[in-house]
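Here the structure is laid out as structure tokens; the discussion comes afterwards.
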Amino acid sequence: MNYWLFKTEPEECSIDDFAREPNKAIVWEGVRNYQARNFLRDSVAVGDQVFIYHSSCKLIGVAGIAKVVRAAYPDPSQFNNQSPYFDAKASDAQPRWVAVDLIFVEKLPQLISLDKIKACPEMAGLPLVQKGSRLSVMPVTAQQWQDLLNL
DNA sequence: GCCAACGTTGGC
DNA sequence: GCCAACGTTGGC
């Protein structure tokens with residue numbers, strides 16, 4: 001079992017959206033970065049645990065936890081020309097992007113803020129806090145996972 | 001809303 | 001395959 005951190009803008013999809021329908025799988029679509037896609041496609045597996053990180057908002061940080069219930073499959077939004085994630089260069093035969101499905105695990109009683117994460121020396125290896133990193137899907141070690149929850 | 005740092009695109 | 005121009009990300 002692996003651990004991950006997925007970034008999201010809460011206005012689009014927040015931990016509260018998961019909490020509202022705790023038994024409904026949420027399609028994690030719209031990842032349009034090759035490095036992030038490769039993680040999704042090659043390494044994210046059913047049962048993996050995911051930190052849901054809120055970005056570009058008032059309260060920036062890890063807001064909760066979700067779990068992978070379906071591994072990578074072609075991201076439906078790439079074929080939908082009404083979607084902001086539409087990709088004209090993708091086809092059924094040759095999809096470019098993948099999605100996974102997640103389900104709610106918990107909302108953290110208190111958000112783990114980016115400030116706190118940055119201040120923690122154990123988190124220095126996390127791409128999230130590395131200068132210039134814009135990865136939206138990143139691996140988290142078991143140690144980092146535990147340390148983060150202890151913050 | 002600014003802007004630095006990245007990633008992608010496309011002409012050559 | 002280089003690289004300038006452009007678009008995006010995401011904290012501030």
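Here is the naming used below: chain letters follow the sequence lines, and residue numbers restart at 1 for every chain. As the structure is a prediction and not an experimental result, all values here were calculated from the model.
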### Aromatic ring pairing Trp145(A)/Phe51(A), orientation class (parallel under 30°, perpendicular over 60°, tilted between)
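Trp145(A) and Phe51(A): parallel rings.
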### Message
Please check this pair: side chain of Gln130(A) against backbone of Gly125(A), looking for a donor-acceptor N/O pair closer than 3.5 Å.
### Response
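Pair found, side chain donor or acceptor close to backbone of Gly125(A).
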### Query
Any sub-3.5 Å donor-acceptor pair from Asn38(A)'s side-chain atoms to Gln35(A)'s backbone N or O?
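Judged by distance alone, no pair lies under 3.5 Å.
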### Task
Check whether the side chain of Arg32(A) and the base of dT8(C) form a donor-acceptor pair under 3.5 Å.
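Result: no qualifying N/O pair found.
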### Query
Do Leu114(A) and Met123(A) sit in the same hydrophobic cluster, where Ile, Leu, Val, Met, Phe, Trp and Tyr count as joined when their side-chain heavy atoms come under 4.5 Å apart?
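Linked within one cluster.
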### Message
Whether Tyr53(A) contacts dG11(C) is assessed here as follows: a side-chain N or O lying under 4.0 Å from the phosphate OP1 or OP2. Is that the case?
### Response
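Checking Tyr53(A) against dG11(C): at least one side-chain N or O falls below 4.0 Å of OP1 or OP2.
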### Message
Whether Lys7(A) contacts dT9(C) is assessed here as follows: a side-chain N or O lying under 4.0 Å from the phosphate OP1 or OP2. Is that the case?
### Response
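No, Lys7(A) has no side-chain N/O under 4.0 Å of OP1/OP2 on dT9(C).
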Rounded off to whole Å, could you give me the [atom1]-to-[atom2] distance for the [X] and [N] pair?
X: His54(A); N: dC12(C); atom1: NE2; atom2: P; value: 17 Å
X: Gln130(A); N: dA5(B); atom1: CD; atom2: P; value: 16 Å
X: Ile117(A); N: dG10(C); atom1: CD1; atom2: P; value: 14 Å
X: Arg134(A); N: dG7(B); atom1: CZ; atom2: C1'; value: 6 Å
X: Glu9(A); N: dC12(C); atom1: CD; atom2: P; value: 15 Å
X: Lys131(A); N: dT9(C); atom1: NZ; atom2: C1'; value: 14 Å
X: Leu128(A); N: dT9(C); atom1: CG; atom2: C1'; value: 13 Å
X: Glu11(A); N: dG11(C); atom1: CD; atom2: P; value: 13 Å

### Task
Remember a base hit wins even if backbone is also touched, and classify Lys58(A) as base, sugar-phosphate or nothing at under 4.0 Å, heavy atoms.
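No contact.
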### Query
For Ser133(A) and Lys89(A), take the nucleotide of DNA chain B holding the closest heavy atom to each; which residue's nucleotide lies nearer the 5' end?
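Nearer the 5' end of the strand: Ser133(A).
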To the side chain of [X], which of [options] is closest?
X: Ser55(A); options: dT9(B), dG10(C), dG7(B); value: dG10(C)
X: Arg96(A); options: dT9(B), dG11(C), dA5(B); value: dT9(B)
X: Tyr34(A); options: dT8(B), dT9(C), dG11(C); value: dT8(B)

### Query
Among Arg41(A), Arg37(A), Arg32(A), which residue meets the salt bridge (Lys or Arg N to Asp or Glu O under 4.0 Å) test with Asp75(A)?
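When Arg41(A), Arg37(A), Arg32(A) are each tested with Asp75(A), the salt bridge (Lys or Arg N to Asp or Glu O under 4.0 Å) holds only for Arg32(A).
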